[in-house]
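Index from 1, following the sequence. Remember, it's a predicted structure, so these values are computed and weren't measured experimentally.
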Amino acid sequence: MACLHSGLSDGDRLKAWLQARSGAAQIIIGTRSAIFTPAPHLALIVIDEEHDASLKQQEGFRYHARDLAIKRAQMLDIPILMEAATPSLEALYNAQTSRFHYARLERRPGAARKPDLQIQDTRPFELQAGLTPQSLQAIRATLARGEQIMVFLNRRGFAPTLFCPSCGWHANCDHCSVKMTWHARRNRLVCHHCGAEQTTPLHCPVCKNPQLTTQGQGTERLELTLQTTFPDALVVRIDRDSTSRKGQLEDKLSTVRSNDPLILVGTQMLAKGHDFPNLTLVVIIDIDQSLLSTDYRALERLGQLLVQVAGRAGRADKPGRVILQTSQPDHPLLHQLVGHGYTPFARQLLEDRKRWHLPPFGYQALIRASSTASMEKALDFLEHVSQRLLAADGAGIQRLGPIPAPLEKRANRYRAQLLLGSQQRAALHNALHQLLQHAANLPGRSSVRWSIDIDPIEFS
């Protein structure tokens, strides 16, 4: 057996690669880049969590490991098995059109049952670090039974905003067009996009007001609130900050498995792959941003995340309960997900995609450009790209943009994008091929960094 991932030393990685290439390794386990590993006797490919966005390489050479695996299996004429509790819409579409065989597991193993999901309206209540009084009461009752609770918030740090209530100043990143997150334990402001850090100011740099305040919730604030509210309970926080050093994640997971009762606070790191038999209550907070997002993939990702997180509750013989807090309790797709499950929810999303010719009913390419000089440089270059596509045989190609990226500035680079869409993949590829033939002559090319992303899955 050979294992390939970035955590290995160069020597160990080379050894595993040579074992795979020689055929000595009969089983090869690896992360995204392992799809390129040579294997002379390859007879089966298995993709775990085929819907996971991390299978798409977003920097440098862009590729989707799942799609490459499908192509490799086709070229070798071998089977490929893809697994997910929440399949991607592309996979479901291929199953509906009989391009894929589809096998559903209708129940949990053993005596485990699906947890009871309920939507909780947060609007009538004064929240305590994002938690409603009903959620706090449910946590209290679960602790009294000697069971475990997970409180899920996909935002680390203490608060996403530090600001001055007197003059309105906000702590913004100098290198990105975002606010910096305050990390109370380190007393630092951190940009979660470029990694820039600075010491927390003692007073407002504009009006000198010493009474700075925070807005919003992070896992640090949630941890502190739960420790204060339930002083006799053990609270364990698992996020990228609390597990940054080697061995910390294993130590915290061991603590969770060996202590009852307990409150577990965490981010997406806890969404899947963990089995805590005595965890019976999951409280999910602050999901409204995804419900109102302009990204057409946001609802798909939200549905997948909610199902994965809810799946941590009631995995043994005790029944599980999931409380989903939201200020949008009447959202129709949220009721579809909670009331009928992921598959009907995903089918409704597919109907919406079909109506607007969005993937998988259409094909897209995202051309990105960035400049250290100004946003105008990036936009002007993409305008030349757009005109070149129009001058070429671009029939059937829709162009949206150029426009600034949702995250306009990141790590001192101004970012813009041009989205191309077509109902025929061949037409899209032909247009891009013609563009690349003239790429060297595009005006402004020397002042920008640009790329073409086929089948983009994120637009930030």
Side-chain angles (χ1 to χ4, degrees), residues 121-133 135-136 151-231 235 237 239-242 244 263 265-267 283-294 325-328 372-375 404-415 460:
D121 186 359
T122 60
R123 291 174 297 181
F125 306 107
E126 183 177 344
L127 305 183
Q128 190 172 346
L131 292 165
T132 65
S135 292
L136 291 170
V151 182
F152 178 85
L153 172 61
N154 205 24
R155 186 186 298 116
R156 57 195 176 94
F158 189 90
T161 303
L162 178 71
F163 72 101
C164 173
S166 178
C167 71
W169 169 86
H170 286 76
N172 295 317
C173 178
D174 294 332
H175 314 288
C176 305
S177 55
V178 294
K179 296 177 177 62
M180 302 189 83
T181 301
W182 185 47
H183 289 247
R185 288 183 179 272
R186 298 163 54 201
N187 196 28
R188 303 279 288 177
L189 289 166
V190 181
C191 176
H192 288 177
H193 292 276
C194 72
E197 295 189 19
Q198 58 182 261
T199 304
T200 305
L202 298 177
H203 53 73
C204 174
V206 176
C207 70
K208 309 305 178 184
N209 173 26
Q211 303 299 323
L212 298 179
T213 188
T214 59
Q215 191 173 41
Q217 321 300 331
T219 49
E220 280 188 13
R221 169 175 264 167
L222 194 54
E223 177 189 27
L224 178 61
T225 298
L226 290 168
Q227 287 173 337
T228 304
T229 308
F230 306 102
V235 179
R237 175 169 59 94
D239 56 25
R240 199 193 313 174
D241 297 322
S242 67
S244 58
I263 303 174
V265 176
T267 59
V283 181
I284 304 173
I285 67 176
D286 205 6
I287 63 157
D288 295 342
Q289 185 175 354
S290 295
L291 289 174
L292 304 173
S293 174
T294 56
Q325 293 190 180
T326 176
S327 64
Q328 306 292 320
T372 56
S374 67
M375 177 62 74
L407 180 57
E408 295 187 14
K409 184 182 179 185
R410 180 179 181 182
N412 291 321
R413 300 195 70 90
Y414 297 92
R415 309 161 74 243
S460 62

Next on the checklist: Can you see whether Thr219 engages Arg155 through a side-chain donor-acceptor pair at a distance of less than 3.5 angstrom?
Outcome noted: no

Next on the checklist: Does any part of the side chain of Asn209, heavy atoms only, come nearer than 4.5 Å to the side chain of Trp169, both counted from C-beta?
Outcome noted: no

Checklist entry - Any sub-3.5 Å donor-acceptor pair from Ser242's side-chain atoms to Asp239's backbone N or O? => result yes

Next on the checklist: Do Leu212 and Pro201 make a side-chain contact, defined as non-hydrogen atoms from C-beta onward lying under 4.5 Å apart?
Outcome noted: yes

Checklist entry - Once you round to the nearest 0.5 Å, how far does OG1 of Thr267 lie from CZ of Arg240? => result 8.5 Å

Checklist entry - In Å and rounded to the nearest 0.5 Å, what is the OG to CG distance from Ser293 to Asp288? => result 12.5 Å

Item to check | Step-by-step side-chain contact (heavy atoms from CB on, under 4.5 Å) determination, Leu407 to Arg415 | outcome: CA-CA 7 Å; Leu407 180 57; Arg415 309 161 74 243; 3.5 Å; yes

Next on the checklist: Quick check on side chain to side chain donor-acceptor pair (under 3.5 Å): which of Arg156, Arg185, Arg186 does Asp241 satisfy it with?
Outcome noted: Arg156

Checklist entry - Leu131 versus Gln325: any side-chain heavy-atom pair under 4.5 Å? => result yes

Checklist entry - Quick one: are Cys204 and Cys167 in side-chain contact, heavy atoms under 4.5 Å? => result yes

Checklist outcome for this item: Note: Thr214 and Ala159 closest approach over all heavy atoms is CB-CB, 3.6 Å

Checklist entry - Heavy-atom distance under 4.5 Å between the side chains of Cys194 and Val178, does that happen here? => result no

Item to check | Atom of Gly157, atom of Thr181 and distance for their closest heavy-atom approach | outcome: CA-CG2, 4.1 Å

Item to check | Side chain Arg237, main chain Leu224, donor-acceptor under 3.5 Å | outcome: no

Checklist entry - What is the ring orientation for Phe163 with His170, classed by angle as parallel under 30°, tilted 30 to 60°, or perpendicular over 60°? => result parallel

Checklist outcome for this item: For His175 and Ala196 the tightest heavy-atom approach is CD2-CB, 3.6 Å

Next on the checklist: For a quick test of reading the model, state the closest non-hydrogen atom pair linking Arg123 to Ser327 and the distance between them.
Outcome noted: CD-O, 3.5 Å

Checklist entry - Do the non-hydrogen side-chain atoms of Thr132 and Leu127 ever get within less than 4.5 Å of each other? => result yes

Next on the checklist: Would you compute the distance between atom CE of Met180 and atom OG1 of Thr161 and round it to the nearest 0.5 angstrom?
Outcome noted: 12.0 Å

Item to check | CD-CZ distance between Glu223 and Phe158, expressed to the nearest 0.5 angstrom | outcome: 10.5 Å

Checklist entry - Hey, does Asn412 have a side-chain heavy atom less than 4.5 Å from the side chain of Thr372? => result no

Checklist entry - So do Arg188 and Thr199 actually touch side chain to side chain, heavy atoms under 4.5 Å? => result yes

Checklist entry - Do Asn187 and Thr200 have a side chain donor and acceptor closer than 3.5 Å? => result yes

Next on the checklist: For Glu197, is the CD atom crowded, meaning more than 12 foreign heavy atoms sit under 6.0 Å from it?
Outcome noted: yes

Item to check | Leu202 atom CG: more than 12 heavy-atom contacts under 6.0 Å | outcome: no

Checklist entry - Between CD of Glu408 and SG of Cys176, what distance do you get to the nearest 0.5 Å? => result 12.0 Å

Next on the checklist: Which heavy atom of Pro165 sits nearest to which heavy atom of Thr213, and what is that distance?
Outcome noted: CD-CG2, 4.0 Å

Checklist entry - Going from OG on Ser135 to CD1 on Ile284, what distance comes out if it is rounded to the nearest 0.5 angstrom? => result 10.5 Å

